[in-house]
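Positions are given from 1 along the sequence. Remember, predicted model here, so these are calculated numbers, not experimental data. All ligand and atom numbering here is 1-based and tracks the order in the structure.
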Amino acid sequence: MTARPKIQVEVVSRSFGDSGNRVLALKDINLTVREGEFVSIVGPSGCGKSTLLYMLGGFVAPTSGRLLADGQPIVAPGIDRGIVFQEYALFPWLTVFDNIAYGLEMTGVPAAKRQQAVEHYISLIGLKGFEQRYPRELSGGMKQRVALARTFAYEPSILLLDEPFGALDSLTRETMQDELRRLWATTGKTILMVTHDVDEAVYLSNRVCVMSQRPGRVVEEFAIDLDRDGPREDVVLSDAYTATHNAVWLSVRRQVSNPPAPAS
Ligand SMILES: Nc1ncnc2c1ncn2[C@@H]1O[C@H](COP(=O)(O)OP(=O)(O)OP(=O)(O)O)[C@@H](O)[C@H]1O
Ligand SMILES: [Mg+2]
């Protein structure tokens, strides 16, 4: 049985600016993500990937077309959609602990369970001892880890991730990727992730969508069918992984080599 659509993007366009310096970021983009799918979006810088996630998050409205979550039009941010921004947005007035606890509080998780979940995530992201620090006291990678923990901890049914591991060193990146994989495998969340990293997209997702240069649209899709039960090295050293990776990488290269549309 095919799962029901969780996210629907229907003929969506979005432009910025006014006549004279108008930029058409996205043009007539269509995308359906079904319940429990993990979809990655890769594409050239500036093609509208973040804009698409902001629209799904309810932070930016489309110029035309419509976006739905669970069949309902998206008009504002909602607790059902957890977003990790490209530039880790933490609440500067809250400590690390309270930033991570925030979503749990919003969803009514009782204090004892909240404490447990926050402690679990603090230790997972390697920030034990930093519970009472404020975001201004953290490095970029530390802030990004807190932003990830904050979103993972309250387990929204849809996760929108904009280059969530971009600022991390490679070992922390792998730990967080595996945590995301575990979260997805055990909770059946619907995940839409933007990434520049073809390896990351192929390693984690069921489907990779390749976007064109601006104005961005989905030009190619790859279904990823890998046996992911084993450890990371077994997955990434398999022939199936290499073949899929190369196909996606070539597709992205074809897009990057086209020039984007000029601003009008
Ligand atoms: N608030 C804004 N005001 C004006 N132009 C914007 C705004 N947000 C995005 N744009 C423009 O829309 C286009 C798409 O931007 P977006 O940030 O969505 O790209 P992206 O694919 O996420 O790029 P990157 O991979 O570099 O993060 C760009 O040309 C950008 O200049
Ligand atoms: Mg972006």
Side-chain angles (χ1 to χ4, degrees), residues 7 9-31 33 38-67 69 74-77 81-90 140-141 143-145 147-148 151 158-168 173 176-177 180 191-202 204-205 207-222 248-264:
I7 297 172
V9 178
E10 297 177 347
V11 216
V12 164
S13 299
R14 171 71 210 201
S15 55
F16 293 102
D18 41 31
S19 60
N21 64 353
R22 196 165 150 272
V23 170
L24 184 57
L26 292 161
K27 185 171 162 41
D28 296 340
I29 185 163
N30 290 295
L31 178 69
V33 182
F38 190 145
V39 174
S40 288
I41 296 181
V42 290
S45 178
C47 76
K49 303 180 295 296
S50 294
T51 303
L52 178 62
L53 281 207
Y54 293 158
M55 288 193 292
L56 288 168
F59 297 96
V60 169
T63 308
S64 60
R66 55 176 207 159
L67 301 106
I74 295 171
V75 289
R81 283 158 285 135
I83 184 161
V84 174
F85 294 97
Q86 190 169 0
E87 282 146 24
Y88 26 86
L90 299 176
K143 280 189 268 207
Q144 198 173 23
R145 281 180 272 158
L148 282 164
T151 303
I158 296 174
L159 285 166
L160 304 168
L161 309 175
D162 196 355
E163 297 187 37
F165 309 119
L168 304 181
R173 172 182 270 247
M176 296 306 289
Q177 285 173 345
L180 179 58
I191 302 180
L192 183 61
M193 176 177 77
V194 167
T195 177
H196 272 129
D197 183 341
V198 172
D199 274 295
E200 180 168 282
V202 173
L204 289 173
S205 28
R207 181 150 60 96
V208 178
C209 297
V210 178
M211 280 178 67
S212 66
Q213 289 279 16
R214 195 187 68 237
R217 51 192 308 173
V218 177
V219 284
E220 232 178 323
E221 292 196 23
F222 295 84
V248 176
W249 182 75
L250 282 169
S251 173
V252 176
R253 261 183 69 109
R254 276 196 295 278
Q255 297 313 316
V256 172
S257 59
N258 293 326
S264 57

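Checked by distance only, ligand 1 and G48 come closer than 3.5 Å through their nitrogen or oxygen atoms. Note: an N/O pair closer than 3.5 Å links G46 and ligand 1 by distance alone. Considering backbone and side-chain N/O atoms, C47 comes within less than 3.5 Å of an N/O atom of ligand 1.
Under the 4.5 Å side-chain criterion, counting only non-hydrogen atoms from C-beta, L204 is not in contact with I191. P215 is not listed as a side-chain neighbour of R217, based on a closest heavy-atom distance of 4.5 Å or more. The shortest side-chain heavy-atom distance between S212 and N258 does not fall under the 4.5 Å cut-off. Proximity of V33 to I158: side-chain heavy atoms (C-beta onward) are nowhere separated by under 4.5 Å. Residues E221 and C209 are in side-chain contact: their nearest non-hydrogen atoms beyond the backbone lie under 4.5 Å apart. T51 has its side chain within reach of F16: a pair of non-hydrogen atoms, C-beta onward, lies under 4.5 Å apart.
Below 30°, between 30° and 60°, or above 60°: for F85 and F59 the angle between ring planes is above 60°, a perpendicular geometry.
Of all non-hydrogen atoms in P44 and K49, the two that sit nearest each other are O-NZ, 2.9 Å. Here the shortest heavy-atom pairing between I83 and T151 reads O-OG1, 3.6 Å. In plain terms, the two heavy atoms of S50 and D162 that are nearest each other are OG-OD2, 2.6 Å.
Less than 4.0 angstrom separates some heavy atom of H196 from each of these atoms of ligand 1: 25 (O). If you number the atoms of ligand 1 from 1 as listed, the ones under 4.0 Å from a heavy atom of A25 come out as 12 (O), 13 (C), 14 (C).
Looking at atom 17 (O) of ligand 1, its nearest protein heavy atom turns out to be S50 CB, 3.7 Å. Here the protein heavy atom with the shortest distance to atom 15 (O) of ligand 1 is T51 OG1, 3.8 Å. For atom 25 (O) of ligand 1, the closest non-hydrogen atom on the protein side is K49 NZ, 2.8 Å. At the shortest separation from atom 26 (O) of ligand 1 among protein heavy atoms lies S45 OG, 2.6 Å. Shortest contact from atom 9 (C) of ligand 1 to any protein heavy atom: F16 CE1, 3.4 Å.
Protein heavy atoms are absent from the 4.0 Å sphere centred on atom 30 (C) of ligand 1.
Only the side chain of Q86 comes within 4.0 Å of ligand 1, counting heavy atoms alone; its backbone N, CA, C and O stay farther away. Only the side chain of V23 comes within 4.0 Å of ligand 1, judged by heavy-atom distances.
Put simply, part of E163 is less than 4.0 Å from ligand 1, judged by heavy atoms. Contact analysis leaves M211 out of contact with ligand 1, as no non-hydrogen atom separation drops below 4.0 angstrom.
Using a cut-off of 2.8 Å, one finds that T51 contributes no N/O/S atom close to the Mg ion (ligand 2). Within the coordination shell of the Mg ion (ligand 2), defined by N, O or S atoms under 2.8 Å, S50 is present.
Side-chain atoms of K143 do not come within 3.5 Å of backbone N or O of L90 as any donor-acceptor pair.
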